[in-house]
Participant: 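Could you have a look at this structure, given as structure tokens, before my questions?
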Amino acid sequence: MDRIHLSPPDVTAAEREALLAAFDSGWIAPVGPEIEAFEDDVVAFLGGGCHAAAVSSGTAGLHLALRLVGVGPGDVVIVPSLTFIATANAVAYQGAEPVFVDSETRTWNVDTDLVVEAVETETRAGRRVAAVVTVDLYGQCAEHARIREACEARGIPVIEDAAEALGASWHGRPAGRWGRVGVFSFNGNKIVTTGGGGMLVADDPQLVARARHLATQAREPVPRYEHHEIGYNYRLPNLAAALGRAQLRRLPAMIERRRRIRELYGELLGDLEDLTFNPLDPRGDPNHWLTVVQLPRRRPVDRDTLVTRLAAAGIEVRPSWTPLHRQPVWRHARAYGGAVADEIFDRGLCLPSGSSLTDAQVERVASAVRAQLGHG
Ligand SMILES: *Cc1c(COP(=O)(O)O)cnc(C)c1O
């Protein structure tokens with residue numbers, strides 16, 4: 001039987017052609033015309049009014065964003081507990097300290113009131129809170145309007161980790177456009193893939209120009225090799241940009257397909273007692289990157305066994321993100337709350353949600369889940 005993956009790349013003949021055209025053009029390097037065109041396409045997709053720098057990964061984009069807003073050694077950065085490890089690791093790359101904040105229940109994203117409490121407590125303890133990073137989990141925006149207001153009032157820059165949320169919006173404003181800097185990921189499992197890559201966006205053209213400079217080893221625009229500061233090799237290859245452009249054109253259709261997949265799971269699993277889906281807040285418009293269920297509290301099988309058994313049946317499901325306050329690597333970090341993230345994690349199961357899945361595959365997943373839960 002064919003394997004069903006969580007969120008495989010959804011690529012067609014259009015992507016293949018774009019990639020081969022870039023290959024034939026000879027620009028097989030982290031420079032080339034597709035890169036700037038991809039940046040322009042993303043800006044246009046976001047409705048204009050910002051600037052973009054293509055980078056080698058979402059993690060690289062986050063690292064640059066933190067450096068560009070002035071995060072440095074000894075600083076504190078507020079990070080949601082419920083996210084992928086990369087969000088906190090980027091803080092460590094700058095020698096700063098992530099402090100974790102719990103989720104709220106309407107979006108599963110960071111709790112604004114707790115962010116304020118964390119900022120005030122950290123500040124009173126004599127530490128400098130240099131940035132707040134928000135995450136748009138599973139393709140749904142955080143409560144951006146409130147977070148932004150709270151942070152602006154205190155002069156703290158917001159970085160929006162929109163790695164999972166390209167194409168989503170909040171109060172009609174696109175994901176990625178709420179912070180001083182926004183970051184997208186084009187990893188293989190994200191809604192748009194370049195086979196690995198990312199994009200940094202910001203209103204401020206100088207900030208984006210600095211991002212580009214740092215991402216190319218901070219090389220000065222002079223004939224010989226000259227460097228005044230330490231940079232990185234963080235630029236996106238031209239071939240990857242060509243692939244990204246072709247993907248971006250199909251994004252609205254891919255979002256629509258993911259929305260339909262969530263709806264299908266609702267039809268196929270919605271009758272199970274105490275099984276719920278990741279909440280969708282009417283203030284926003286998600287991209288439905290992943291459909292996540294909260295398994296019933298009373299069930300014949302624990303979550304991790306269920307993951308293993310479905311894997312044996314050729315179906316890739318995953319636990320939801322392990323809260324960062326529970327990660328061994330971050331066991332000494334301070335955390336504000338955590339019970340909400342813990343509850344989401346303990347019962348959270350990410351279902352295959354890729355836009356290339358067929359209805360029959362979704363049905364196969366749903367019946368396998370039902371069977372494991374004793375409703376075969
Ligand atoms: C995928 C992801 C990242 C990292 O992006 P990469 O392109 O894999 O480096 C960062 N944050 C979140 C929330 C993600 O889901």
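When reading the values below, keep in mind they use all heavy atoms of this one structure, side chains included, and skip hydrogens, waters and symmetry mates. Each ligand, and each atom within it, is numbered from 1 in the order the structure gives.
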Participant: Do T107 and R283 meet the criterion of a side-chain donor-acceptor pair at a distance under 3.5 Å?
Facilitator: no
Participant: Hey, does Q140 have a side-chain heavy atom less than 4.5 Å from the side chain of W108?
Facilitator: no
Participant: Which pairs count as side chain to side chain donor-acceptor pair (under 3.5 Å) when at least one residue sits in residues 211-220, sequence neighbours excluded?
Facilitator: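 Non-adjacent pairs meeting side chain to side chain donor-acceptor pair (under 3.5 Å): E39-R212.
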Participant: Do E120 and T123 have a side chain donor and acceptor closer than 3.5 Å?
Facilitator: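 Per modelled atom types, E120 and T123 side chains form no pair under 3.5 Å.
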Participant: Tabulated below should be the N or O atoms of ligand 1 paired with protein N or O atoms at under 3.5 Å; can you produce that?
Facilitator:
| from | atom 1 | to | atom 2 | distance (Å) |
| --- | --- | --- | --- | --- |
| ligand 1 | 5 (O) | S185 | OG | 3.3 |
| ligand 1 | 7 (O) | G58 | N | 2.7 |
| ligand 1 | 7 (O) | S185 | OG | 2.7 |
| ligand 1 | 8 (O) | N187 | ND2 | 3.0 |
| ligand 1 | 9 (O) | G58 | N | 3.3 |
| ligand 1 | 9 (O) | T59 | N | 2.9 |
| ligand 1 | 9 (O) | T59 | OG1 | 2.5 |
| ligand 1 | 11 (N) | D161 | OD1 | 3.3 |
| ligand 1 | 11 (N) | D161 | OD2 | 2.8 |
| ligand 1 | 15 (O) | E164 | OE2 | 2.6 |
| ligand 1 | 15 (O) | K190 | NZ | 3.2 |

Participant: Below 6.0 angstrom between ring centroids: does that apply to H325 and F100?
Facilitator: no
Participant: Counting N and O atoms only, with roles assigned by atom type, does the side chain of W289 sit under 3.5 Å from a partner on the main chain of N189, one being a donor and the other an acceptor?
Facilitator: yes
